[in-house]
Amino acid sequence: TQVLDPMESVQRQRLWDACLQALRGLGDNTAPRQDMTNRYTTECVLLRHMGRPEEGLKVAQEGISRHKAASCYTFAGLCCLDLDDPEGAEDYVMDGLKLDPQNLAPCNDLADYFLNHRILDKAIEYYTLVVDRGDQQDVDWAEPSLIFCRWLDSGDPAELERLVLCAAAKPQNQRGAQLCQAARQKRG
């Protein structure tokens, strides 16, 4: 998708269609790789990128029924978020987490969705899960997000100070700076 995105739209669409045809031509002759991805995951990613999440969800569901790959659960959950179905997304993400407990990136996606929709208790729940169990990359996103949610929820100036300190402690982490800017705009 990264190679095709900058292309002219007609050419990009033609190549997207060719990629889909090639993936579908594989049938189910492919087993999941060690990282638990498979052709269903790849097809789902492509369909989501093309703005066709309904089809992507069906493909991910087929991958789940055939392989039970954690990545298929993850992408089914992301398709549900695209379709504004957070409950379905939670179910898929949690099922995928049972298969691959270290893959907490989808929890950040869920939390981001809930933050964007100002369902702060759910956002806090998922960011906390990532902070408690995630790897550094996932935590770098979740930690300032969690603090920001706590500030939005409580209005406590101490949380805002924590956010500023968190952002200052990791200046290379754009998420902290982004949320400090959002807090500044919210305060007026």
Side-chain angles (χ1 to χ4, degrees), residues 1-2 5 32-37 41-42 44-45 48-49 53 56-57 60 64 69-188:
T1 58
Q2 293 174 0
D5 282 348
R33 301 181 329 192
Q34 281 186 313
D35 66 0
M36 298 298 287
T37 62
T41 303
T42 304
C44 181
V45 169
R48 285 185 70 231
H49 198 75
L57 179 57
I64 290 167
S71 60
C72 288
Y73 284 98
T74 294
F75 284 100
L78 294 177
C79 286
C80 286
L81 290 180
D82 294 341
L83 297 168
D84 237 1
D85 176 12
E87 293 84 13
E90 285 183 282
D91 290 342
Y92 282 118
V93 168
M94 296 315 289
D95 286 345
L97 203 53
K98 290 175 191 168
L99 294 171
D100 185 5
Q102 299 307 309
N103 184 16
L104 290 162
C107 293
N108 269 338
D109 293 320
L110 280 173
D112 290 347
Y113 176 91
F114 290 124
L115 171 58
N116 291 336
H117 288 82
R118 293 302 191 251
I119 306 169
L120 297 177
D121 60 325
K122 294 297 259 178
I124 289 169
E125 174 187 341
Y126 284 104
Y127 287 133
T128 299
L129 179 65
V130 175
V131 168
D132 290 347
R133 295 179 29 198
D135 65 18
Q136 193 59 51
Q137 182 178 353
D138 292 330
V139 170
D140 282 349
W141 184 270
E143 185 178 29
S145 302
L146 175 60
I147 297 167
F148 182 72
C149 286
R150 287 179 178 159
W151 172 71
L152 287 175
D153 190 46
S154 68
D156 184 350
E159 293 292 350
L160 190 54
E161 289 176 25
R162 283 186 195 94
L163 177 61
V164 171
L165 290 172
C166 181
K170 296 182 181 178
Q172 73 283 6
N173 182 352
Q174 294 296 313
R175 182 64 171 170
Q178 174 192 33
L179 293 174
C180 283
Q181 178 66 28
R184 185 176 308 122
Q185 289 173 349
K186 184 151 180 66
R187 289 183 68 194

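- Expressed to the nearest 0.5 Å, how far SG of C80 lies from CG of D109 amounts to 12.5 Å.
- Counting heavy atoms from C-beta outward, W151 and R162 have side chains that stay 4.5 Å or more apart.
- For L120 against L152, the heavy-atom pair with the smallest separation is CD1-CB, 3.7 Å.
- Using a 4.5 Å heavy-atom cutoff, the side chains of Y92 and T74 are not in contact.
- Residues forming a side-chain hydrogen bond (donor to acceptor under 3.5 Å, both in side chains) with R150 (at least two apart in sequence, or on another chain): none.
- Separation of atoms CG (L146) and CG (L163) is listed at 10.5 Å; rounding is to 0.5 Å.
- In this structure, N173 and P144 approach most closely via the heavy-atom pair ND2-CG, 4.2 Å.
- Going from atom OG of S145 over to atom CG of D140 covers 10.5 Å, rounded to the nearest 0.5 Å.
- Among all heavy-atom pairs drawn from A69 and L99, the shortest one is C-CD1, 4.3 Å.
- With a 4.5 Å cut-off on side-chain heavy atoms, W141 and D112 count as touching.
- Partners of A60 according to the side chain to side chain contact (heavy atoms under 4.5 Å, CB included) rule, which considers only residues two or more places apart in sequence or in another chain, are C44, A76.
- Here the side chains of K122 and H117 are not in contact, with every heavy-atom distance at 4.5 Å or above.
- With a 4.5 Å cut-off on side-chain heavy atoms, D135 and L104 do not count as touching.
- Side-chain contact between Y73 and D91 is absent, with no heavy-atom pair separated by less than 4.5 Å.
- Going from atom CE of M94 over to atom CG of L110 covers 8.5 Å, rounded to the nearest 0.5 Å.
- To the nearest 0.5 Å, the span separating CG on D153 from CZ on R118 amounts to 11.0 Å.
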Can you give the donor-acceptor pairs under 3.5 Å from side chains of residues 177-188 to other protein atoms, not counting sequence neighbours?
from, atom 1, to, atom 2, distance (Å)
Q178, OE1, R175, NH1, 2.9
Q181, OE1, R184, NH1, 2.5

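- Rounding to the nearest 0.5 Å places CD1 of I124 at 13.5 Å from CG of L129.
- The heavy-atom pair separating P86 from L81 by the smallest distance is CA-CD2, 4.2 Å.
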Determine, step by step, whether F148 and L115 satisfy the side-chain contact (heavy atoms from CB on, under 4.5 Å) criterion, reporting the C-alpha distance in whole Å, the side-chain angles of both residues, the deciding distance to 0.1 Å, and the verdict.
-> CA-CA 9 Å; F148 182 72; L115 171 58; 4.1 Å; yes
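- Pairing each heavy atom of C166 with each of I147, the nearest pair is CB-CD1, 4.0 Å.
- Summarising the geometry of P53 relative to L83, their closest heavy-atom pair is CG-CD2, 3.7 Å, with the distance given to 0.1 Å.
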